[in-house]
Amino acid sequence: MKKKLVLATHNRDKIKEIKNKLGNDIIILTIDDFDNIPEVIEDGETLEQNAIKKAKIVYEHTKLPTVADDTGLFVDALNGKPGIYSSRFAGECATYDENVKKLLDELKNVSWEQRDAKFITVIAYYVNKSKWTVKGKVEGKITQKKRGKNGFGYDPVFYYEELGKTFSEMSLDKKNKISHRANALKKFIEQYKKIN
Ligand code: ITT
């Protein structure tokens, strides 16, 4: 019988990517399948702390194995910003577009050579008293303007040099083979299979 896993995220784009990657082997539930799950304040100092906090709160409510994803875009020329603040770079309730605009503004006078960046995803797993995390990463560059229509968040400006495309210029299937989240999910599956 397929095992159940709850995704502790409000982000529908993440849910789509994770379901696309894990959905054949595992029944994926989301917090929308449960009532009254408390809101999680992401006040950790690292992706790990935030991911564990999200997974723990949802696990305690559902009592089902839970997975949370915390992701950040780390830009070298901005000393690692927006990092753990990626979702609220342009303010508390900022849209993807507003965050991207702020990023492009801050990099306005930065040359192509200096525009290196990486996405990092930490996935936390929480069940009973047991918890662990895995990390996935991908390196790229920040373009001068948005390119492509797919994906979400910073994808339109994240350029993957090996394919000469931004994440928004590739299909979800392609992004899901090479992305930070894909790398983290690969490690997650290896670890998960050992214990299930
Ligand atoms: P949850 O905390 O509910 O999971 P969130 O959107 O707040 O959702 P994060 O704090 O992990 O999630 O994400 C930070 C931001 O980073 C997110 O809002 C996007 O703008 C961006 N982001 C995350 N994954 C991304 C991806 O695969 N491609 C592009 N941008 C991404």
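Throughout, numbering of the chain's residues begins at 1 and tracks the sequence. Atoms within each ligand, like the ligands themselves, are counted from 1 in listed order. Atoms considered below: every heavy atom in the structure, side chains included; atoms not considered: hydrogens, waters and symmetry mates.
Residues forming a ring-ring contact (aromatic ring centres under 6.0 Å, His included) with Trp112 (at least two apart in sequence, or on another chain): Tyr159. Qualifying ring-ring contact (aromatic ring centres under 6.0 Å, His included) partners for Phe34, counting only residues two or more places apart in sequence or in other chains: none.
In this structure, the side chain of Asp76 does not engage the main chain of Ala117 through any donor-acceptor pair within 3.5 Å.
Within the structure, side chain to side chain donor-acceptor pair (under 3.5 Å) contacts touching residues 80-92 (residues at least two apart or in different chains) are Lys81-Glu106.
Of the listed residues (Thr166, Asp97, Asp155), just one forms a side-chain hydrogen bond (donor to acceptor under 3.5 Å, both in side chains) with Lys146, and that residue is Asp97.
Side-chain contact check for Asn183 versus Lys135: every heavy-atom pair is 4.5 Å or farther apart.
Ligand 1 is surrounded by Thr9, His10, Asn11, Lys14, Glu42, Lys54, Asp69, Asp70, Thr71, Ser86, Ser87, Tyr96, Phe119, Phe152, Gly153, Tyr154, Asp155, Lys175, His180, Arg181, each with at least one heavy atom closer than 4.0 Å.
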